[in-house]
Amino acid sequence: MNGPISRMIAHTVGMNHSFATQAVHAGREDLAELGVHAPPIDLSTTYPAVDSHVEADRISRFAAGLQPPGSPLYSRLHNPTVGRFESALATLEKAEAAVGFASGMAALTACLLAAVAAGKPHVVAVRPLYGGSDHLLNCGLLGTRISWAEPGRVGDAIEADTGLVIVETPANPTLTEVDLAALAAECGEVPLLVDNTVATPVTQRPLEHGASIVLHSATKFLGGHGDVMGGVVACGEEFAVRLRQIRIATGGILDPFGAYLLHRGLATLPVRVAAQSATAAELADRLADDRRVSVVHYPGRSPRRPGQMESGGAMLSFEVVGDATRVVAAVGLITPAVSLGSVDSLIQHPASLTHRIVEETDRQSCGVNAAMLRLSVGLEAVEDLWADLDQALKAA
Ligand SMILES: *Cc1c(COP(=O)(O)O)cnc(C)c1O
């Protein structure tokens, strides 16, 4: 559509706009031309393919990880609703491209398979990681070989066939921060993958600090309402091509309705994370002053910080004097549940649940002990959350 109306209503969001503006507008550039306000959910699994010769060429291009214009052909190859979310997330992470997946673990799987397919199956990773990621790396299911290393020893652990270095900062569940610029320097030519699920692009954009790949469990803060499962990788176009090849071959695609919800979630991500972080900081202070709590882990409270996060974030963990599992059983307003990043607050015992799958000695050595509880702070009023924590801590 090239008429005066489209010129009048066409709008673009650019790199010169602020993050909050990008969060609301990115990935919506084609809507005015379509004559709609909300992104349409395209549920087609197949699309008319009239000219077999033309489509034969296009299908080859899809299989090569490219994104030829025109019909998606088949929804494992491309979906416009997913494409809009990918484009929006790439903008927020300041990446060339993003590739959506069925879950965070499907996203990590594709990154690992890309390393294996490139003949570089060795991975160096920093603990702690999300329990499922630790397990996938440790068991070598996908043909990868793992070396665990502390920051500062990562450079020594890199071998000729190292395809990836993986870190999570702040880490789940200890909220330990790793200095990304220093780590990226240790990696040299090896791509550094940062799991940015806990920080979100609101507080930290790893590509600005030398990382080359950013991974999200979109299930968490990006969706933000506990009702959609997805994963996404933001990276350069070259790696995105490899991820799309793998996604087409293995089928771990993000579904269109999930992509719609994730895209919608991005619009409120900055305000949610700001409000949740302010409440988390206040709760961290109160817990630190409480004799029933021995240690509080919250990035905002640590005196020696790399300065790569713009706020302390919305997650904290703390160690309870007494039986931590009793606190989980005693909360009323807060939901005792795994997962994080929702509008409602969630609490869980990592040693029993999210990090159960990590070997006990490994769990202990990276600080995930039996006294620890992880709290994902939602949008409830701070006084209501504190009242619930206060009464639940009496049960420990
Ligand atoms: C939940 C989580 C994952 C896994 O994501 P799923 O969407 O559950 O597959 C990976 N990394 C972190 C930090 C997580 O919290």
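In each ligand, atom 1 is the first atom listed, and ligand 1 is the first ligand listed.
What sits closest to atom 14 (C) of ligand 1 on the protein, heavy atoms only, is K220 NZ, 3.0 Å. At the top of the distance list for atom 9 (O) of ligand 1, counting protein heavy atoms only, stands M105 N, 2.9 Å. Ranking protein heavy atoms by distance to atom 4 (C) of ligand 1, first place goes to Y130 CE2, 3.5 Å.
Checked for salt-bridge contact, R292 and E319 miss the test: no charged N lies under 4.0 Å from a carboxylate O. For E150 and R153, the salt-bridge test fails: no basic side-chain N is under 4.0 Å from an acidic carboxylate O. A salt bridge between D30 and R84 is present, with a side-chain N of the basic residue lying under 4.0 Å from a carboxylate O of the acidic one. A salt bridge does not link R286 to D390: none of the charged side-chain nitrogens sits closer than 4.0 Å to a carboxylate oxygen.
By the 4.0 Å heavy-atom criterion, V198 is excluded from the residues contacting ligand 1. Residue contact check for ligand 1: A107 places no non-hydrogen atom closer than 4.0 Å to it.
Interface atoms of ligand 1 facing G230, defined by a heavy-atom separation under 4.0 Å, are 7 (O). Annotation for ligand 1: atoms under 4.0 Å from non-hydrogen atoms of L340 are 15 (O).
The closest heavy-atom contact to atom 11 (N) of ligand 1, among the options T197, L136, D195, comes from D195.
P39 places a side-chain heavy atom less than 4.5 Å from the side chain of L31.
In L108, neither the side chain nor the backbone holds a heavy atom less than 4.0 Å from any atom of ligand 1.
Scanning all heavy atoms of the two residues, the minimum distance from T174 to H297 falls at O-CB, 3.4 Å. When all heavy atoms of Y74 and Y47 are compared, the pair lying nearest together is N-CD1, 4.0 Å.
Backbone and side-chain nitrogen or oxygen atoms of T219 are examined, and one is located within less than 3.5 angstrom of a nitrogen or oxygen of ligand 1. Residue contacts with ligand 1: E168 is placed with no nitrogen or oxygen under 3.5 Å of a nitrogen or oxygen of the ligand (distance criterion only).
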Exercise. Can you list the steps and then say if N369 with R363 is a side-chain hydrogen bond (donor to acceptor under 3.5 Å, both in side chains)?
Worked result: CA-CA 7 Å; N369 59 45; R363 213 191 297 143; over 6 Å; no
